[in-house]
2 protein chains.
Amino acid sequence: MQLDNRKKEVLHAIVDDYVSTNEPVGSKSLIERHSFNVSSATLRNDMAELEHLGLIEKPHTSAGRIPSDKGYREYVNSLMTIEELTPREQLEIEKRINTSVDEVTELIKNATHTLSETTGFVSLAMSPRLKKSFLKQLKILMIEPGKALVVMVLSAGVVKDKVVRIPNFLNDEQIMKISGAIEKSLTGKPLDEITLVTVETAGKSTDVPEPLLKQVLYEAYAAIKQADELNIYLEGEHRMLSLPDFSSLGRARDLLGTLSDSGMVAGYVNEMENAARELGNDDSYMIRIGQEITLEGLDDCSFITATYNLTDSVSGNIGVIGPKRMLYSKVISQIDFVKKKLNEEMKKFT
Amino acid sequence: MQLDNRKKEVLHAIVDDYVSTNEPVGSKSLIERHSFNVSSATLRNDMAELEHLGLIEKPHTSAGRIPSDKGYREYVNSLMTIEELTPREQLEIEKRINTSVDEVTELIKNATHTLSETTGFVSLAMSPRLKKSFLKQLKILMIEPGKALVVMVLSAGVVKDKVVRIPNFLNDEQIMKISGAIEKSLTGKPLDEITLVTVETAGKSTDVPEPLLKQVLYEAYAAIKQADELNIYLEGEHRMLSLPDFSSLGRARDLLGTLSDSGMVAGYVNEMENAARELGNDDSYMIRIGQEITLEGLDDCSFITATYNLTDSVSGNIGVIGPKRMLYSKVISQIDFVKKKLNEEMKKFT
DNA sequence: ATTAGCACTCTATCCTCCCGAGTGCCAACA
DNA sequence: TGTTGGCACTCGGGAGGATAGAGTGCTAAT
C-alpha cells in the first residue's frame, strides 16, 4: 500500500476519531481535532483518494467517512503503535490472574475472565492442545462392578479422567493388570500417536479373557482420545449489548446466536491457528477484522488471539472478540500482557 | 380470590390472547375471538372489575388490557389446565435426552440443552445437591512429588476428583496409608456430616509425621467439600433476543447481564428450593412470575423449575427462564416431561 | 344485570419541513 | 502540481402536526 505521509496520518486520524466518537468523521472535524497544517479542502482530496483505495467509506453521501475493513487492516498492520499498559493496569491484571488455583483449567478460566473484564468485550480461550503431550501415568480404578474411572496424568501437568463402563464380571485385580499393562507400554507416548491398535497391543500381555479385555481396552482408548479434545471458554457475551456498535437488536442477536455455538467458535479458532502456522506467521498475535471473519454475524467484530504455552510443545489460544471499532493498540497489549502472565503462571504447573 | 365464572373466563381469555398476540387486548377483540354470550360493554364492566382487583392493567388509557403479575399468578394457580405433550413432542424430547452418556453431569447438560431447544427460552439446571449422599470410596493417587489426585465415589453414582498439593517428601506408601485410613472411617458418611475434625480424626491412626499428615488431611477435606459444591448450567441466553418482549435493548442487556452471573442465579434457585421446602410445598414445579423474582432485570420474566431426583435423598433443579408472557401450560408440561425422562435416565447411574 | 350509544383519550404513524454537517467540484492561487 | 476558498448539492435525522383507530368509561334504557 503506497500512501504518502499525510494520507497515512489522515487514515490514522480517521480511525482514531471514529473509534473514540463512533461517528463518521468529516474533513472539518478532522482539522479541528488534529493539527494538520492544511485546509479541510485538501483533506477532502486526500479522503477521496483514500476512499478510492477502499480504505474508508461513507455510510451515505452527506456523512463523514468511516474506516473500511481494509482501512482497519492497514491501520493495524502499518499505522498504529502498540502502547504498553500502565503499571497500574498491569497490576490490576496481575492481581486477578494470580488467584491461586490447583488446576490449569482454572487458571485459564481466570485469565479469560480477566480479559473480558479488562477489555469489556467477549473473551475466549482454548484449552491446551494436548496432542503433543505424552502420557505420564494411566490408572484404571474400579468404582463398582461395571464401572471404572480412567485417570491419566499428562506430561503437561494436566490430569484428565473419564468414567467408563466395563464388563460386570471383571474384578479389581484384573483391572489393575490391564491398567498396569497399558501404562507400562504407553507411558512416554504422545497422545496423537496412541491409536486403538497401540492400546490393544499394550493389553495383549495380560491374561484377561479376550472379549472382556477388548471392551476395557476400547474404553481406555476412548478415555485417552477424550483427553485431548479441545474445549473453549467463552465469557462476557452480554457485554456486547452495551456497545453502540450492536445497538441494533438484529446484529446483536446474530452475534450472540453465533457465539452460543461454542463448538463452532472453537473450530474457527483452530482454523485461524492452523492457517497462521502454515504461513509461518510468528507474530505474537493474530487478528481478523470484520468480513475477514468467516463466522456469521461477526461482520462488525474483530477477533484477536494470542498463543499461550503450557510447555514448549503444548499451547492454546486466548483472545478477544470485540467490535471492529476498537482501540486496537490497547486491546492487543492487554491480550499480550494476559498471555504473558498466563505463561508465567503455567510454569508452576509443569 | 373470589371471581364469578365469567370473570374467570375473561381473565383466562385475556391471558391467552395476550400471550399469543403480544398486544393489549380490548373488549371488542375479546368478543370476536371468543364466544362470550354477552356484549362488549358487559366485558368492559368485568374488565374494570378485574383491573380494580389488580389482575389486569392497561399500558395507557386508550389501550387494551394486559395481565399483571397477579393476573398471571391467578391464571397459573387456578385457571389454566396443563396439557399433555403430543406423542410427537414427547418423542422429540426423548430422542434428544437418550443420547448415551457416561456421566450424570453430561446427562444433565443434555437435558438442559433439550429444554432450551424445545421451549425456545433460557434453560437451566442445578447439579445434584450431594450433601446428603455419602462417601463410597475415597482414593488419593500420587501424581508426582508434591501433587496428588483425590478421587471420591459417592453413593449417588457420582465420581468427583480434585488435584491437590501435598508435601514433596511424602511417598506413595504414605499417601496410600492416609488414603486408606480416611476411606475406612468416612465410608458411608453423608458429605454434610464430614468436617475437618472428622477427617483429622480419621487420619490419626496412621504413623505419618504430624505436620505432613495435617496438610494432606486438610487437602482431602477441601476436596470433599468441593465435591458437594453446586454448579449451574445455563443455556440459550441468546434466545431471549429473539423475543418481542425483549426488543428493547435496555431490557435485554439487563437480563443477559444478570444471567451472566451464574453464581447469582444459582443462589436464587437455591433460595427458591429452600423456600418451597419450608412451605412443605410438594407441587412438582415452582413458578415465580415477574416481580416475584428478586433478580435484577427479570421483571418481565417467569422462572419455572422442577425438581429431579438422582436418588431418594439427592436431587437438583431443572427449569426455564422465559418471558412472563409465555404459554405456561405448554412450558410446564415440557419441563415436567424432561424432568420425568431425566429421572428415568438417572436410575441407570445409581 | 346487561346493553347500545357516545364522547373522550391516547398512541402510533405518516407527512412535511428544515437544519446542519459533509461532500464534490471548480476556479484561483503559490 | 499541490493547495485553497467558495459554493451548490445531498441526505439523514429531528421537530411539528394532522389523522386514524382502537379502546375506554359513563349514562340511560331495557
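All chains are named by letter (A, B, ...) in the order of the sequence lines, taking the proteins before the strands, and each is independently numbered beginning at 1. The basis for the numbers below is simple: all heavy atoms, side chains too, and nothing from hydrogens, waters or symmetry mates.
Residues A:F246 and A:L255 are in side-chain contact: their nearest non-hydrogen atoms beyond the backbone lie under 4.5 Å apart. Residues B:L259 and B:V122 are in side-chain contact: their nearest non-hydrogen atoms beyond the backbone lie under 4.5 Å apart. Here the side chains of B:M80 and B:V76 are in contact, with some heavy-atom distance below 4.5 Å.
Between A:K58 and C:dG24 there is a side-chain polar atom (N or O) within less than 4.0 angstrom of OP1 or OP2. Look at A:R65 and you'll find a side-chain N or O under 4.0 angstrom from OP1 or OP2 of C:dG24.
The neighbour count for B:N77 CG, taken as heavy atoms of other residues, nucleotides or ligands under 6.0 Å away, is above 12. A 6.0 Å sphere centred on CD of B:E84 holds no more than 12 heavy atoms belonging to other residues, nucleotides or ligands.
Between the B:T114 side chain and the B:I93 main chain, no donor and acceptor come within less than 3.5 Å of each other.
Checking B:S29 against B:E32 by side-chain atom types alone, no donor-acceptor pair falls below 3.5 Å. For the residue pair A:Y328 and A:S302, a side-chain donor N or O sits within less than 3.5 Å of a side-chain acceptor on the partner. Side-chain atoms of A:H34 and A:D17 include a donor-acceptor pair closer than 3.5 Å.
Residues of residues 18-28 of chain B having a heavy atom closer than 4.0 Å to DNA chain C: none are found. Within residues 35-47 of chain A, the residues approaching DNA chain D are A:N37, A:V38, A:S39, A:A41, A:T42, A:R44, A:N45, by heavy-atom distance under 4.0 Å.
Note on B:E92 versus B:R88: no salt bridge recorded, every NZ/NE/NH1/NH2 to OD/OE distance being 4.0 Å or above. Taking a cutoff of 4.0 Å between a charged side-chain nitrogen and a carboxylate oxygen, A:R96 and A:E117 qualify as a salt bridge.
Regarding A:I31, its CD1 atom lies at a distance of 14 Å from the C1' atom of C:dG22, rounded to whole Å. Atoms CD (A:E49) and P (D:dG2) sit 11 Å apart, rounded to a whole Å. Atom-to-atom, CG of A:D4 to C1' of D:dG2 comes out at 11 Å; the value is rounded to the nearest Å. Counting to the nearest Å, the C1' atom of D:dG2 and the NZ atom of A:K7 are 10 Å from each other. With rounding to whole Å, B:L50 atom CG is found 12 Å from D:dG25 atom P. Rounded to whole angstrom, the span from the CD1 atom of B:I66 across to the C1' atom of C:dT11 amounts to 15 Å.
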Could you write out each protein N or O paired with an N or O of nucleotides 11-14 of chain D at a distance under 3.5 Å?
| unit_1 | atom_1 | unit_2 | atom_2 | d |
| --- | --- | --- | --- | --- |
| D:dC11 | O2 | A:S62 | OG | 2.9 |

